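Small disclaimer: the values here were computed from a predicted structure and weren't measured. Any value given below was found using the heavy atoms of this structure, including those in side chains, with hydrogens, waters and symmetry copies removed. Each ligand, and each atom within it, is numbered from 1 in the order the structure gives.
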Amino acid sequence: MTGEILTIQVGQCGNHVGKQFWDQLTKEHGIGKDGQILESSNGNSTDRIFREDDTNPFFKQYQENKYTPRAIMIDLEPSVINDNINYFPDFFDPRGTWVSKDRYGAGNSWANGYDEGQKNQDIFLNMIDKQLDSTENFEGFQLLHSVAGGTGSGLGSNLLEALADRYQKKLLTTYSVFPSDQSEVVVQPYNTILTLRRLAEDSDASVVFDNNALSNLSGRVFQKNQTDYNQTNQLIASVLSSTTNSVRFPSYLYSSLQSIFSTLIPSPELHFLTPAFTPFTSDYITGGMDYKRNTAYDILLDLIDEPNSLVSKHSKKPIYLNVFCTIIGDIERNDISRGINKIQQRLQFAAWSPTIIHVNNGRRSNYLKNLHGNQSQVNGMMLANSSGIVPLFEKVCGSFDKIYSKKAFLNAFQQSENFDADDFIESREVARSLIEEYTAAEEKSYLDEVLLEDENVIGEFNENNNEVDAEGDNIM
Ligand code: GTP
């Protein structure tokens with residue numbers, strides 16, 4: 001049985017993104033905004049017996065034909081959560097919703113968010129435990145948040161620490177939005193570096209988005225100069241829904257999130273993933289164009305084109321460690337093999353990496369076909385683990401160094417109950433070592449170095465010939 005996933009939405013961005021995510025999931029599973037099963041075109045309710053999909057990983061069912069998302073919504077101010085509740089009346093479980101009584105937000109300070117997280121940690125863990133009571137084979141968490149405000153970053157960081165500590169064996173993933181270059185708030189670099197540390201230390205896999213790439217991409221797909229968060233977040237939701245496609249429309253492969261992320265992550269430190277998606281058709285975004293002639297081959301090649309990435313790339317060619325793609329729709333197997341061959345030639349993989357492009361053939365929901373016409377559509381999503389993430393980390397460090405070297409804007413942090421000033425230095429150090437790890441992973445010798453680190457050695461290390469005796473029996 002596929003395990004259940006609990007989605008935790010924190011702060012304005014996390015809850016905004018969550019809205020689009022649940023909007024997409026309800027469409028794909030034929031569920032109305034109130035959680036009721038929708039009538040199909042022939043007048044029958046889309047009864048579970050006839051379903052090809054598995055709603056259980058993301059929804060619980062208290063009554064027949066009524067679905068409730070496995071979700072926790074947390075914010076320090078009420079507007080976005082209220083908007084979600086109005087948009088989806090009687091959908092979210094009130095026991096999974098928490099808004100601060102003070103209702104002021106964290107004022108864009110990580111430290112305020114962290115304090116609130118600490119103060120209310122028992123309440124949050126209790127809310128989470130209540131959601132886990134309705135699971136039989138709980139797989140893990142996915143946190144949706146921004147790293148740059150106060151609540152999603154600070155409260156989100158505190159929650160990540162608590163979850164990593166309390167549910168050590170469960171998968172802990174994040175979908176983390178990094179800020180654009182036009183920093184709206186001066187302390188964003190502080191918030192970002194402190195959160196990056198928690199992503200590095202406490203999450204098992206972090207799918208990264210950056211608002212620069214998102215605003216360029218949404219300008220293009222929505223064909224507008226100015227787009228709003230509702231639109232941007234539909235792009236993020238497209239990645240989220242297609243990452244989980246094989247869990248919700250089960251097949252033999254990739255039936256758990258663990259199986260997807262473990263193909264992508266060669267060692268625990270290297271767990272930052274960059275997403276790409278194409279094309280954004282009406283299955284995924286409002287007013288999307290439909291492309292009827294795409295083959296899996298076209299889509300696979302489009303996915304490695306820079307403009308389809310949801311993280312800005314930079315001039316230096318990244319070295320790839322692992323790649324996972326989901327191609328959704330009816331496709332020819334042969335097109336996939338041709339696409340894989342071509343990508344293997346075009347992308348540069350680390351010499352130690354197996355250079356396998358993992359491709360899952362995802363299913364296009366029948367409910368989407370009813371909604372948007374039964375024409376054949378093919379969409380693709382790629383998650384890549386590559387050194388292409390390094391420029392983003394460098395940018396985060398550069399912005400931090402600029403203000404921290406002057407010890408500027410430290411007030412909010414100094415007043416905090418739980419903030420230790422060394423956290424800045426330690427977080428900066430974690431960011432530096434992340435950059436180093438990804439840079440080292442570009443080298444042929446990376447795996448040797450990883451193997452030689454004590455905790456990674458299985459068997460005994462022979463110092464005379466620099467080899468590892470796997471059995472420890474002196475036979476190499
Ligand atoms: P406080 O407002 O301090 O309580 O924290 P918060 O976590 O609620 O803040 P927020 O989520 O607004 O984080 C601010 C950062 O997130 C900025 O970089 C914004 O550009 C970005 N952001 C806010 N909302 C959204 C959203 O809906 N989508 C995207 N892509 N980015 C968002």
Minimal heavy-atom distance between Ser180 and Asn212, with the atoms involved, is CB-OD1, 3.2 Å
- [ ] Give a yes or no on whether the backbone of Gly113 and the side-chain of Asn158 come within a donor-acceptor separation of less than 3.5 Å.
- [x] no
Atom 9 (O) of ligand 1 sits nearest the protein heavy atom Gly149 CA, 3.6 Å
So for Thr151 against ligand 1, with non-hydrogen atoms under 4.0 Å, the contacting part is both
Among non-hydrogen protein atoms, atom 16 (O) of ligand 1 lies closest to Ser146 OG, 3.0 Å
- Query: Is there a heavy atom in Asn233 that sits closer than 4.0 Å to ligand 1?
  - Reply: yes
Non-hydrogen side-chain atoms of His145 and Val177 separated by less than 4.5 Å: no
Within the 4.0 Å heavy-atom cut-off, what Ala106 brings close to ligand 1 is both
A student checking ligand 1 against Pro179 at a 4.0 Å heavy-atom cut-off should list atoms 18 (O)
Numbered in order shown, the ligand 1 atoms found under 4.0 Å of a heavy atom of Gly107 are 3 (O)
of all protein heavy atoms, closest to atom 2 (O) of ligand 1 is Asn108 OD1, 4.3 Å
| query | Quick one: does NZ or CZ of Lys19 land under 6.0 Å from the six-membered ring centre of Tyr87, within 45 degrees of the ring axis? | reply | yes
Ligand 1 to Gly105, heavy atom cutoff 4.0 Å, flagged ligand atoms 4 (O)
* For Val177, is at least one N or O under 3.5 Å away from an N or O on ligand 1? -> no
Determine, using ring centers only, whether Phe59 and Tyr62 are less than 6.0 Å apart.
no
contact_flag Val17 ligand 1 heavy-atom lt 4.0 Å
no
Under 4.0 Å between heavy atoms, the region of His16 that gets near ligand 1 turns out to be side chain
Residue, atom and distance of the protein heavy atom nearest atom 11 (O) of ligand 1 read Cys13 N, 2.8 Å
Ligand 1 atoms nearer than 4.0 angstrom to some heavy atom of Gly11 are 7 (O), 8 (O)
Gly152 heavy atoms within 4.0 Å reach ligand 1 at atoms 6 (P), 7 (O)
task: Inspect the contact between Asp181 and Lys395 and indicate whether a charged nitrogen and a carboxylate oxygen are less than 4.0 angstrom apart.
output: yes
Would Phe91 and Tyr67 count as a close aromatic pair, with their ring centres under 6.0 Å? no
Looking at Asp23 and Lys33, does any basic side-chain N land under 4.0 Å from a carboxylate oxygen?
yes
*Should Gln188 be listed as contacting ligand 1, given a heavy-atom distance under 4.0 Å as the test?*
yes
